[in-house]
Asker: 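Below you'll find the structure I mean.
Below, read A as the first sequence line, B as the second, and so on, with proteins coming before strands; counting in each chain starts at 1. Because the structure is predicted, anything quoted here is derived from the model rather than measured. Only this structure's heavy atoms are used, side chains among them; waters, hydrogens and symmetry mates stay out.
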4 protein chains.
Amino acid sequence: MRMRTRSGPVRNENTHQAILEATAMLFAREGYDRLTIEGIAHEAHVGKQTIYRWWSSKGDLVAECLVAGMLLPDRLTLPDTGEIREDLRQWLTEIFRIIAEPETEGMLRSLISGAAENPQIGSRIRESLIGTDSVTGRLEAGIGQGQNLYEGAPFDEIAEALIGAVVLRALSRTPPSEEDAIRLIDAVIGPELPIPQSQR
Amino acid sequence: MRMRTRSGPVRNENTHQAILEATAMLFAREGYDRLTIEGIAHEAHVGKQTIYRWWSSKGDLVAECLVAGMLLPDRLTLPDTGEIREDLRQWLTEIFRIIAEPETEGMLRSLISGAAENPQIGSRIRESLIGTDSVTGRLEAGIGQGQNLYEGAPFDEIAEALIGAVVLRALSRTPPSEEDAIRLIDAVIGPELPIPQSQR
Amino acid sequence: MRMRTRSGPVRNENTHQAILEATAMLFAREGYDRLTIEGIAHEAHVGKQTIYRWWSSKGDLVAECLVAGMLLPDRLTLPDTGEIREDLRQWLTEIFRIIAEPETEGMLRSLISGAAENPQIGSRIRESLIGTDSVTGRLEAGIGQGQNLYEGAPFDEIAEALIGAVVLRALSRTPPSEEDAIRLIDAVIGPELPIPQSQR
Amino acid sequence: MRMRTRSGPVRNENTHQAILEATAMLFAREGYDRLTIEGIAHEAHVGKQTIYRWWSSKGDLVAECLVAGMLLPDRLTLPDTGEIREDLRQWLTEIFRIIAEPETEGMLRSLISGAAENPQIGSRIRESLIGTDSVTGRLEAGIGQGQNLYEGAPFDEIAEALIGAVVLRALSRTPPSEEDAIRLIDAVIGPELPIPQSQR
DNA sequence: CTCTAAACGAGACGGTACGTCAGGTCTTTCC
DNA sequence: GGAAAGACCTGACGTACCGTCTCGTTTAGAG
């Protein structure tokens, strides 16, 4: 049985890519709020209509960039050494650096702004954070390495609290320090056990 | 020697109030993004210039509304019964209701949007949450009522994680349930200890 | 013996006709200015390219419709009773009706608009009016029936003046009356002579 | 008793004038159809909204230019020597020159195009032609100087026929000659009387 | 009690961006 | 291999607000 497909030309992949790249570039340079469809169209050497044909809004477009991993630096993946506390510390330190550095300082906030406006962006962010192969999964794998990491612990909520704290920091523009990362980890998975071996 | 003060009329308090009220009303109806200076001016029967004379931007104006408590419902104060876990549960339940109800569903997200754009709003939110007489203070007062609430615990970060989790929920538009509140509390202050001292 | 014409497929006559009909229909409904190639293509179930293949512009297309007699009602032919004055009166009355009736009110004006933009339409209109077998011819045949209809009179110009007056009326949107028709005839071929020679 | 006028800024006359001038300039250069609001706004260093605030359409704007006498050359006034036939001849010759010269060739047609689209332009043209102090009036004053110029002749219709013939010429892009002017005059006011003195 | 400077309502202004429509060209798939 | 469908770039449309700038009016001190 044959699929009945419409005739006529088909989406131009070069164009598609050029638009995403222009979006990512301008997002990085201008931030979500100052991003304009016209600016993207111009930058990508593309007609506005071509953008509106495939995306219904600025938010949609940014969301696709986000899933394509074009908005945030690669360094944002949670490392995996087995030592959950250390992994989180490095990861948070990296994120905090992004929040603090003048160049990238607005990116996360911009993304939050986009998420507040556009459902797709919000979901994407949540999905990418709470997914199994992500923070939650790592926490689960670290059972026993923190007071809160026991069998059946609310891993999703712990992850949410962790990321949420980061988001809040970004919003309040309080540049975080290295120690803040450690304190935050203590806050969500409990402090390092004070009494070692014998306890076990 | 006397100070030379300028002659002429002084800020009209009625006008001031009318603008704040119009802002709050339109914020509730339209949300931060769709709020316009022109709309506020019209609603408050006021010239645009009168707004620009006293506030430098939409964000400023919204920030003042926020501190004046005109944007969020009163029911948002953290109760104080001495039972920290129960207080938090009620408080979160209330907030989750706001996030879930269609009428108010957008308000928090709108505030986040404002915070992302305007430093003042961000600080205001943080201040009002992490202040001594607020969540942090209450956590401190509840020492011993949760695994994470010990002497010298990172109370600020715990509060941050808690609020952050709420913010993230609002952003991702995942309507939270009653149990989510409990799990979140477990996540940040640890689960209710099933068996006490003897266990150790 | 058949002419050997170029090989390959030849213009599809159904398509051709469908385009003309769609054009005429939309011209009547929307007028020249609001007529669009895309609208015609859609209406005729035809690709835009098929239109551009055979006509260079909207004007061209309308011009062909015009010569095919698809744009103006049939009732527009100048009657021929031998009484030139009466023939013209009936003809003008008919045209004036077209100008006045709300339904058809815009058609002539639309055609003028097209003529102003597209040379072909202009020539077509002129040709069809000033041709021998048309107004001019009839005037010539009516020699002696009007002060201006003498041997060697400027028949072309008289016809031009007559039609021109109609065009001007259409442009100025002054709905003409029955008496206007008579006065116009008096104006271009002179009044009916009340008393002949002796008067002079 | 005082008139209560609205307070606030008042129409800026410089701006008003700049817009009209830009319109006239671009009309002459591009013609009615290719005239764009954006082009005018740019040329006049003015925001688009400022144009839309005072005129509802391109046609309105052109109409105002027309009455302000900014669209057609001054040389277009009907001369007045008492000799109606000679006056008309000079006047027509001038108009025919405008129709024929490549530079100005499109102006009249452009105006017709505008009239077809916009009622105001149509009326303006008619008004300025059929007014007492204009062609009609001159014809009336010339009673006796042409077969058709008798007491109670349909002067309006004669003027209409004359102008209409010119319009038709412009539309059909048939460059007229000097003799055409004479023939047209013969057509509308009758030929010069063949029998001189004795008759009078 | 007058004078005067600022506050005020109103809204014109030069702009930027919006989201839509259509033009004319080019490309893909169907018949 | 011609034609439908329609993607593409371009450019103009008319609208919404921006933040600044007059206007004329009102009003609260300073003198």
Asker: Considering heavy-atom distances to DNA chain F, does G8(A) or E13(A) have its closest nucleotide positioned more toward the 5' end?
Answerer: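 That would be G8(A).
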Asker: Please determine if a side-chain N or O atom of W54(A) lies less than 4.0 Å away from the OP1 or OP2 oxygen of dC8(F).
Answerer: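 Checking dC8(F) against W54(A), a side-chain N or O does come within under 4.0 Å of OP1 or OP2.
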Asker: Which residues pass the side chain to side chain contact (heavy atoms under 4.5 Å, CB included) test with E13(D), not counting sequence neighbours?
Answerer: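 E13(D): side chain to side chain contact (heavy atoms under 4.5 Å, CB included) contacts with H16(D), Q17(D).
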Asker: Restricting to side chain to side chain contact (heavy atoms under 4.5 Å, CB included), what partner residues turn up for D60(C), sequence neighbours left out?
Answerer: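 Per chain and number, D60(C) pairs via side chain to side chain contact (heavy atoms under 4.5 Å, CB included) with W55(C), S56(C), S57(C), N118(C), Q120(C).
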Asker: Expected output is a numbered-order residue list: members of residues 109-117 of chain D with a heavy atom under 4.0 Å from any atom of DNA chain E. What is it?
Answerer: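 Those residues: none at all.
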Asker: Once side chain to side chain contact (heavy atoms under 4.5 Å, CB included) is applied, do any residues pair with S113(D), and if so which ones, sequence neighbours excluded?
Answerer: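 Counting only residues at least two positions away or on another chain, S113(D) forms a side chain to side chain contact (heavy atoms under 4.5 Å, CB included) with S113(C), A116(C), Y32(D), D33(D).
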Asker: Rounded to whole angstroms, how far apart are CD1 on I40(C) and C1' on dA4(F)?
Answerer: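 Between C1' of dA4(F) and CD1 of I40(C): 17 Å.
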Asker: Mind checking ring pair (Phe, Tyr, Trp, His ring centres under 6.0 Å) for H45(A) and listing every partner two or more places apart, or none if nothing turns up?
Answerer: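 For H45(A) there are no ring pair (Phe, Tyr, Trp, His ring centres under 6.0 Å) partners, ignoring immediate neighbours.
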Asker: List in chain and number order the residues that pass salt bridge (Lys or Arg N to Asp or Glu O under 4.0 Å) with R34(B), two or more places apart in sequence or in another chain; answer none if no residue qualifies.
Answerer: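 With sequence neighbours excluded, R34(B) shows a salt bridge (Lys or Arg N to Asp or Glu O under 4.0 Å) to E30(B), given in chain and number order.
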Asker: Report for the helix from dC1(E)-dG31(F) to dC31(E)-dG1(F): angle between first-end and last-end helix axes, five pairs each, rounded to 10 degrees.
Answerer: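 Answer for the end axes of this duplex: 20°.
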Asker: Only counting residues at least two apart or in another chain, list the ones meeting salt bridge (Lys or Arg N to Asp or Glu O under 4.0 Å) with E21(D).
Answerer: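 Not a single residue meets the salt bridge (Lys or Arg N to Asp or Glu O under 4.0 Å) criterion with E21(D).
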Asker: Going by number, which of residues 18-29 of chain A have a non-hydrogen atom under 4.0 Å from DNA chain E?
Answerer: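 Of all residues in residues 18-29 of chain A, none places a heavy atom under 4.0 Å from DNA chain E.
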Asker: Take nucleotides 14-20 of chain E nucleotide by nucleotide from the 5' end and write B, S or -, depending on whether a protein heavy atom sits under 4.0 Å from the base, only from the sugar-phosphate, or from neither.
Answerer: BB-SBBB
Asker: Got a sec, which residues hit salt bridge (Lys or Arg N to Asp or Glu O under 4.0 Å) with K58(A), two or more places apart in sequence or on another chain?
Answerer: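 With sequence neighbours excluded, K58(A) shows a salt bridge (Lys or Arg N to Asp or Glu O under 4.0 Å) to no residue whatsoever.
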Asker: Return the value, rounded to whole Å, for the distance between atom CG of D33(C) and atom C1' of dC21(E).
Answerer: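 Rounding to the nearest Å, CG of D33(C) and C1' of dC21(E) are 15 Å apart.
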Asker: Who pairs with A44(C) by side chain to side chain contact (heavy atoms under 4.5 Å, CB included), at least two apart in sequence or on another chain?
Answerer: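 Partners of A44(C) by the side chain to side chain contact (heavy atoms under 4.5 Å, CB included) criterion, ordered by chain and then number, come out as A18(C), I19(C), A22(C), V46(C).
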Asker: R11(B) has an atom CZ; how far is it from atom P of dG29(F), in whole Å?
Answerer: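 Roughly 16 Å, once rounded to whole Å.
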